[in-house]
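FYI, side chains are in, hydrogens and waters are out, and symmetry mates aren't considered; it's all heavy atoms of this structure.
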Amino acid sequence: MPATVATTFTPLHDRILVRRFEEAETVRGGIIIPDSAKEKPQAGEVIAVGKGRTNEKGETFALDVKPGDHVLFGKYGGQPITFDGEDFLIFEEREVYGIIKK
């Protein structure tokens, strides 16, 4: 069985690994908009999550998001990374606006 990103990478603490949804091809008036001018989607799929946030007493609080959830986030949120040739974003859970119900 080949290893996936979710099995080879685990974020620490309250961080989550998100794969941004694919950008839709946009055509306006017959003109194809170049990649540099396209809006990046502000939603993605959670790939992996950390164990949760820990307080001063050492208690760990589980995250509200889980792998497979579709989430909405800010336009400039997250830290972009490339892992195994794929582009992802790493967020702290508080940077995610909400879970998109399918």
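- The two residues Lys51 and Thr60 have their closest heavy-atom pair at O-CG2, 3.7 Å.
- Using a 4.5 Å heavy-atom cutoff, the side chains of Glu93 and Asp64 are in contact.
- Closest approach of Ala48 and Phe9 over heavy atoms only: CB-O, 3.7 Å.
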Given side chain to side chain contact (heavy atoms under 4.5 Å, CB included), test Thr8 with Phe83 step by step and report yes or no. CA-CA 10 Å; Thr8 58; Phe83 187 78; 3.4 Å; yes

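- Separation of the Phe91 and Phe73 ring centroids falls under the 6.0 Å cut-off.
- The heavy-atom pair separating Gly50 from Leu63 by the smallest distance is O-CD1, 3.7 Å.
- Side-chain atoms of Glu95 come within 3.5 Å of backbone atoms of Glu92 as a donor-acceptor pair (strictly under, hydrogens ignored).
- No side-chain heavy atom of Val49 sits under 4.5 Å from any side-chain heavy atom of Pro11.
- Cluster annotation: Val18 is connected to Ile99 through the hydrophobic network of ILVMFWY side chains, with a link wherever side-chain heavy atoms come within less than 4.5 Å.
- Expressed to the nearest 0.5 Å, how far CD1 of Ile90 lies from CD of Gln79 amounts to 8.0 Å.
- Among Val46, Leu72, Val71, the one residue that satisfies the side-chain contact (heavy atoms from CB on, under 4.5 Å) test with Val96 is Val71.
- Annotation: side chain of Ile81 is not in contact with side chain of Leu89 (no heavy-atom distance under 4.5 Å).
- Taking OG1 from Thr82 and CG from Asp87, the interatomic distance works out to 4.0 Å, rounded to the nearest 0.5 Å.
- Side-chain contact between His13 and Arg53 is absent, with no heavy atoms from C-beta onward closer than 4.5 Å.
- Taking each heavy atom of Phe21 and Glu45 in turn, the nearest pair found is CE2-N, 3.8 Å.
- Rounding to the nearest 0.5 Å places CD of Gln42 at 8.0 Å from CZ of Arg20.
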